[in-house]
Amino acid sequence: MFAPTGYAELLFGIWKGFTELRLLGLSEATPRMYACESAAGGPHAHALGTGAPAAIVGTGPSAAYSILCEVGGHRGVLAVRESGGEAVRVSDDELRTAQRDLARHGLWQELSGAAGLAAYRRLGRAFDGPVVCVATSSGFKDFGVGERTFPVTENPTLEDLR
């Protein structure tokens with residue numbers, strides 16, 4: 001399961017829910033969790049790479065503001081670590097490509113919301129079961145949405161729409 005790290009509680013909540021299903025005997029296993037982070041930051045990747053319970057890192061510029069985090073929470077790190085997953089850093093260009101591809105399939109995500117797909121592609125490996133990429137937001141949250149205006153046309157015709 002690939003989830004953007006701007007939503008660390010989501011990672012923990014999903015992992016906790018799967019653990020509870022397994023403990024109740026309703027599931028045989030819990031999925032591997034992958035924290036998807038902006039390459040301009042990466043606190044979960046830092047914590048997982050160093051064995052720390054959490055991390056604070058500096059960040060650089062990124063248009064993926066919803067996942068551009070300086071702090072990686074303990075719960076998110078724990079969920080990823082205990083699931084056998086990892087943190088994956090993705091660039092803005094990788095995010096834009098994933099965002100465009102999702103849009104071609106009718107899914108309008110803000111840049112950060114495309115992190116799951118971008119991270120899955122970055123890993124470039126096959127998995128032994130289904131892969132779920134969590135999309136966390138709508139394209140309405142991207143910078144610049146709604147700034148462009150169009151003239152109002154009285155009694156538009158089909159030709160006006162072309």
Side-chain angles (χ1 to χ4, degrees), residues 1-23 26-139 141-143:
M1 180 167 298
F2 291 80
T5 58
Y7 305 88
E9 290 301 314
L10 172 71
L11 272 174
F12 181 73
I14 291 170
W15 171 248
K16 182 180 175 199
F18 278 112
T19 299
E20 290 171 353
L21 288 173
R22 186 181 51 75
L23 293 172
L26 300 173
S27 175
E28 295 179 17
T30 53
R32 284 188 305 265
M33 305 288 279
Y34 293 83
C36 309
E37 301 185 283
S38 169
H44 288 88
H46 183 76
L48 290 163
T50 62
I56 299 173
V57 299
T59 60
S62 173
Y65 67 92
S66 292
I67 61 170
L68 184 60
C69 302
E70 293 180 344
V71 178
H74 173 68
R75 289 177 157 187
V77 172
L78 183 67
V80 173
R81 184 177 285 134
E82 288 188 359
S83 75
E86 59 191 275
V88 184
R89 295 178 186 173
V90 291
S91 70
D92 281 8
D93 286 343
E94 290 170 308
L95 289 166
R96 282 187 193 93
T97 298
Q99 182 186 41
R100 277 192 302 271
D101 291 345
L102 288 169
R104 285 188 192 101
H105 289 87
L107 300 170
W108 188 30
Q109 288 292 304
E110 70 165 305
L111 195 59
S112 299
L117 179 58
Y120 169 72
R121 289 175 170 172
R122 173 169 266 286
L123 287 175
R125 67 172 89 126
F127 289 87
D128 58 352
V131 172
V132 175
C133 296
V134 178
T136 55
S137 190
S138 137
K141 290 180 69 178
D142 265 341
F143 290 126

Taking [X] for its side chain and [Y] for its backbone only, find out whether a donor-acceptor pair lies under 3.5 Å.
| X | Y | value |
| --- | --- | --- |
| Glu70 | Thr59 | no |
| Glu37 | His44 | yes |
| Glu94 | Arg122 | no |

I would like to know whether Arg22 and Glu82 meet salt bridge (charged side-chain N to carboxylate O under 4.0 Å, His left out); could you show each step before the answer?
CA-CA 14 Å; Arg22 186 181 51 75; Glu82 288 188 359; over 6 Å; no

Minimum-distance pair of heavy atoms, taken over all atoms of [X] and [Y]:
| X | Y | answer |
| --- | --- | --- |
| Glu86 | Val80 | N-CG1, 3.4 Å |
| Arg81 | Pro53 | NH1-CA, 4.4 Å |
| Val77 | Ala54 | CG2-CA, 4.4 Å |
| Ala64 | Leu95 | CB-CD1, 3.5 Å |
| Pro43 | Cys69 | CD-O, 3.3 Å |
| Leu68 | Gly60 | CD2-O, 3.5 Å |

Roughly how far apart are Ile67 CD1 and Ser112 OG, rounded to 0.5 Å?
4.5 Å

Of Met33, Glu20, Arg75, which meets side-chain contact (heavy atoms from CB on, under 4.5 Å) against Trp15?
Met33

Gln99 and side-chain contact (heavy atoms from CB on, under 4.5 Å): which single residue from Leu117, Leu107, Leu111 fits?
Leu111

Could you go step by step and tell me if Tyr120 and Phe127 meet the side chain to side chain contact (heavy atoms under 4.5 Å, CB included) rule?
CA-CA 10 Å; Tyr120 169 72; Phe127 289 87; 3.8 Å; yes

